A.B. asks: 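Sharing a structure with you now.
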Amino acid sequence: GESVGLHLPTLSVQEGDNSIINCAYSNSASDYFIWYKQESGKGPQFIIDIRSNMDKRQGQRVTVLLNKTVKHLSLQIAATQPGDSAVYFCAEILPYGGATNKLIFGTGTLLAVQP
Amino acid sequence: NAGVTQTPKFRILKIGQSMTLQCTQDMNHNYMYWYRQDPGMGLKLIYYSVGAGITDKGEVPNGYNVSRSTTEDFPLRLELAAPSQTSVYFCASKSDPGRNQPQHFGDGTRLSIL
């Protein structure tokens, strides 16, 4: 079946520490993955993406790792700040209807940054 | 730079009422999407459109209708509101060509059916 799930529904970290948010996906045909951040009362905000021909991609303070062998995705946030507190979703892209892409969202992980 | 704009932000409806959720984007994106997000859950696709005049069903289309008369606008219609449609609705768009492009989201419409 098609599913994208997260191991930890809530992650609490101290300000300044590094955060790691994990995600498992089930469809080995998926070739594009996105991490979104959703703050309270807002829509999902694009953070970083990665294609299946890559193992790692870095952005500003964020790194996404992809392990296709075990179908696992992670988001690493360096020096976590209070402004990073939000729900983080991974999303898996599958072909859908031949005309666009089906974006499969996981249920989300709440990142709580403690001062 | 407005991006994706949704109106209204909040709405309370009575069972059986109808309403239209508005979505407009100023990025000249051909692909547009409607999702619903239930509490503590991820997003589920309701309908999508690949361009003006073209729409198709997503995972959970029952009880909804859409139209796409222009590139900018993609309204979502609820004809007979039911309590099960209480949710937060998000509109999104993305550029094309290429499937490996992220979708950009509006801030949502919070809808309660009582």
Side-chain angles (χ1 to χ4, degrees), chain A residues 1-6 8-10 21 23-26 29-54 57 59 62 64 66 86-110, chain B residues 2-7 9-10 21 23 25 27 29-51 53-61 68 74 87-110:
Chain A
E2 302 165 351
S3 68
V4 175
L6 299 178
L8 299 174
T10 304
I21 301 172
C23 175
Y25 65 95
S26 60
S30 296
D31 62 357
Y32 180 53
F33 305 89
I34 304 174
W35 279 101
Y36 283 96
K37 172 186 180 183
Q38 187 175 22
E39 297 175 280
S40 180
K42 298 288 187 180
Q45 176 187 1
F46 170 80
I47 301 173
I48 192 168
D49 57 2
I50 188 168
R51 298 176 184 168
S52 61
N53 61 352
M54 303 171 69
R57 191 173 187 204
V62 295
V64 55
L66 176 63
V87 177
Y88 289 81
F89 293 94
C90 64
E92 174 182 11
I93 307 300
L94 297 170
Y96 188 86
T100 186
N101 312 124
K102 185 178 184 181
L103 192 66
I104 305 293
F105 282 85
T107 54
T109 291
L110 173 62
Chain B
V4 179
T5 303
Q6 293 183 239
T7 57
K9 293 188 183 301
F10 305 93
L21 283 67
C23 175
Q25 51 90 11
M27 298 174 283
H29 288 172
N30 280 328
Y31 289 74
M32 296 187 74
Y33 308 82
W34 273 106
Y35 293 89
R36 61 176 287 171
Q37 184 178 34
D38 297 327
M41 303 295 288
L43 284 75
K44 293 192 175 181
L45 183 64
I46 305 172
Y47 270 96
Y48 66 96
S49 170
V50 301
I54 307 170
T55 63
D56 209 345
K57 296 178 180 179
E59 300 173 81
V60 290
R68 187 87 184 276
F74 190 38
S87 191
V88 182
Y89 292 85
F90 289 101
C91 179
S93 72
K94 81 174 181 76
S95 63
D96 65 333
R99 50 191 300 274
N100 292 345
Q101 294 290 332
Q103 295 179 19
H104 299 273
F105 288 82
D107 284 337
T109 293
R110 284 148 185 81

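These figures come from a predicted structure and were not determined experimentally. To find a chain, count down the sequence lines: A is the first, B the second, and so on, and within it residues start at 1.
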A.B. asks: side-chain contact (heavy atoms from CB on, under 4.5 Å), that's the test. Do B:Gln37 and A:Gln38 meet it? Break it down for me.
C.D. replies: CA-CA 12 Å; B:Gln37 184 178 34; A:Gln38 187 175 22; 3.0 Å; yes
A.B. asks: State the CD1-CD distance between A:Ile104 and B:Glu59, to the nearest 0.5 angstrom.
C.D. replies: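 Interatomic distance, A:Ile104 CD1 to B:Glu59 CD, rounded to 0.5 Å: 5.0 Å.
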A.B. asks: Check side-chain contact (heavy atoms from CB on, under 4.5 Å) between B:Asn30 and all other residues, then give those that pass, not counting sequence neighbours.
C.D. replies: B:Thr71, B:Asp96
A.B. asks: List the steps and the verdict of ring pair (Phe, Tyr, Trp, His ring centres under 6.0 Å) for A:Phe46 and B:Phe105.
C.D. replies: CA-CA 9 Å; A:Phe46 170 80; B:Phe105 288 82; over 10 Å; no
A.B. asks: Of all the heavy-atom pairs spanning A:Ile34 and B:Pro102, show the shortest one and how long it is.
C.D. replies: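 Looking at all heavy atoms of both residues, the shortest contact is CD1-CA, 3.8 Å.
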